[in-house]
Amino acid sequence: MPERENDLIAGRKARGRPRAWDDKSGQNTIKSLDRAMAVFEHLSTQSGVSLSALSDQTGESTATLYRILFTLETRGLVEFDQAQQLWHIGPAAFIVGARFLRRTSLVERARPILRELMEETGETANLGIQKGDQVLFVSQVETHASIRAFFPPGSLSPLHASGIGKVLLAFMPDAECEKILKSSKRERFTSYTLCDAALLKADLAQAQTRGYSIDGEEKNLGMRCIAAPVFNHYGEIAAGLSISGPTSRVTEDKIQSFGSAVMSAAGRLTSALGGEPLIETSGR
């Protein structure tokens, strides 16, 4: 008897996926659907392609491709330009994508990524967004270590004196960054705080080059923070993701490896939001 019928007889309500959900073997794959989705995804990267060219690119026969495309066309996911004899992605693809964006939640999607980052680095992982000339911390996963950084959701910190703040400044539009630097009062918290505009701009340029910013005891002595940018589907910076901890653990010789870990986590969150992650290059 099928599992769903067993569940109903036993009085259990189906919860959206069977117990065999984690079984990724071929028996749980609808091959024809998988093939159709591969064609659909490939077509989405093209600006218009003929049936024969699509056959060459995908390795599928023109007969198979036509059946796939005709089926997708009935759903509006692809469309055919009769005049040019080219296939294009269809308007229904945008509608489905827009529905996805409506359910996208930055904090919800960040939580498992923050937890993974904390486990990987052993340090507190944070998520923050811009609020005027400050960072608003919206989520945090604390380290298990006894000495830890603590930025509870709702906390505010100046943009110029935090890792997330500096990465937000570094990757926002130049005009917006310039406006904030001209209008904000940059308070000095420690001897390492970058209050001078020229020095801060040079630091932001370094953050752009390597893909992450570093707060080296600029807000609190003995604490270091490494942050990377999170982008939305428009290519705009939506948030900053960071780790923070004591300089005794987040030592200078660990900055590059921690920076790579933070960039990777920020990239996963960016992808989850429909954005394009930064590509890490050698030397960052």
Side-chain angles (χ1 to χ4, degrees), residues 106-107 109-131 134-171 186-195 199-200 203-204 206-230 237-270 277-278 280 284:
L106 175 66
V107 174
R109 289 185 173 271
R111 287 298 296 178
I113 295 173
L114 290 174
R115 186 163 298 282
E116 291 168 3
L117 181 61
M118 185 277 290
E119 295 290 352
E120 179 182 356
T121 63
E123 299 300 337
T124 296
N126 315 284
L127 181 71
I129 61 174
Q130 180 191 354
K131 185 178 181 181
Q134 294 184 302
V135 177
L136 172 63
F137 289 93
V138 294
S139 189
Q140 181 183 73
V141 174
E142 291 185 74
T143 177
H144 303 304
S146 56
I147 301 175
R148 68 191 73 178
F150 185 58
F151 306 102
S155 297
L156 293 168
S157 184
L159 289 174
H160 75 285
S162 68
I164 289 180
K166 291 199 296 180
V167 88
L168 291 171
L169 286 170
F171 288 92
R186 291 183 289 279
E187 181 180 354
R188 182 174 296 282
F189 298 97
T190 75
S191 59
Y192 299 101
T193 307
L194 299 176
C195 298
L199 291 177
L200 181 56
D203 189 79
L204 299 179
Q206 287 184 320
Q208 285 181 326
T209 299
R210 64 178 169 246
Y212 58 87
S213 67
I214 303 168
D215 163 13
E217 302 181 85
E218 295 162 37
K219 178 71 187 301
N220 298 291
L221 288 175
M223 299 298 293
R224 183 170 282 132
C225 176
I226 300 170
V230 176
I237 186 161
L241 189 151
S242 74
I243 60 163
S244 50
T247 53
S248 59
R249 291 200 307 263
V250 186
T251 54
E252 290 189 0
D253 61 338
K254 292 182 179 178
I255 287 177
Q256 188 170 354
S257 62
F258 279 174
S260 294
V262 175
M263 279 191 69
S264 177
R268 294 196 299 277
L269 182 53
T270 293
L278 285 180
E280 186 174 2
R284 276 187 178 168

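If you're wondering where the values come from, they're calculated on a predicted model, not measured in any experiment.
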Considering all heavy atoms of both residues, which atom of [X] and which atom of [Y] are nearest to each other, and what is their separation?
{"X": "T193", "Y": "A161", "answer": "CG2-CB, 4.3 Å"}
{"X": "Y212", "Y": "M263", "answer": "CD2-SD, 3.9 Å"}
{"X": "P112", "Y": "R109", "answer": "CD-O, 3.7 Å"}
{"X": "G122", "Y": "T143", "answer": "O-OG1, 2.6 Å"}
{"X": "L168", "Y": "A239", "answer": "CD2-C, 3.8 Å"}
{"X": "G163", "Y": "D215", "answer": "N-CB, 3.4 Å"}

Under a 3.5 Å distance rule, please check whether [X] uses its side chain to pair with a backbone N or O of [Y] as donor and acceptor.
{"X": "H160", "Y": "E187", "value": "yes"}
{"X": "T190", "Y": "Y192", "value": "yes"}
{"X": "R115", "Y": "A110", "value": "no"}
{"X": "E120", "Y": "M118", "value": "no"}
{"X": "S264", "Y": "S260", "value": "no"}

Self-check item: Partner of L159 under side chain to side chain contact (heavy atoms under 4.5 Å, CB included), chosen from L200, I164, L169
Solution: L169

Quiz item: In this structure, which one of S244, C225, S157, S162 forms a side chain to side chain contact (heavy atoms under 4.5 Å, CB included) with K219?
Solution: S157

To the closest 0.5 Å, what do you measure between [atom1] ([X]) and [atom2] ([Y])?
{"X": "L241", "Y": "L117", "atom1": "CG", "atom2": "CG", "value": "6.0 Å"}
{"X": "Q208", "Y": "F171", "atom1": "CD", "atom2": "CZ", "value": "5.5 Å"}
{"X": "T270", "Y": "L278", "atom1": "OG1", "atom2": "CG", "value": "7.5 Å"}
{"X": "L194", "Y": "K166", "atom1": "CG", "atom2": "NZ", "value": "5.0 Å"}
{"X": "R210", "Y": "I226", "atom1": "CZ", "atom2": "CD1", "value": "9.0 Å"}
{"X": "I129", "Y": "Q134", "atom1": "CD1", "atom2": "CD", "value": "12.0 Å"}

Quiz item: So, S242 and N126: side-chain donor and acceptor under 3.5 Å apart, yes or no?
Solution: yes

Quiz item: Do the non-hydrogen side-chain atoms of P246 and E123 ever get within less than 4.5 Å of each other?
Solution: yes

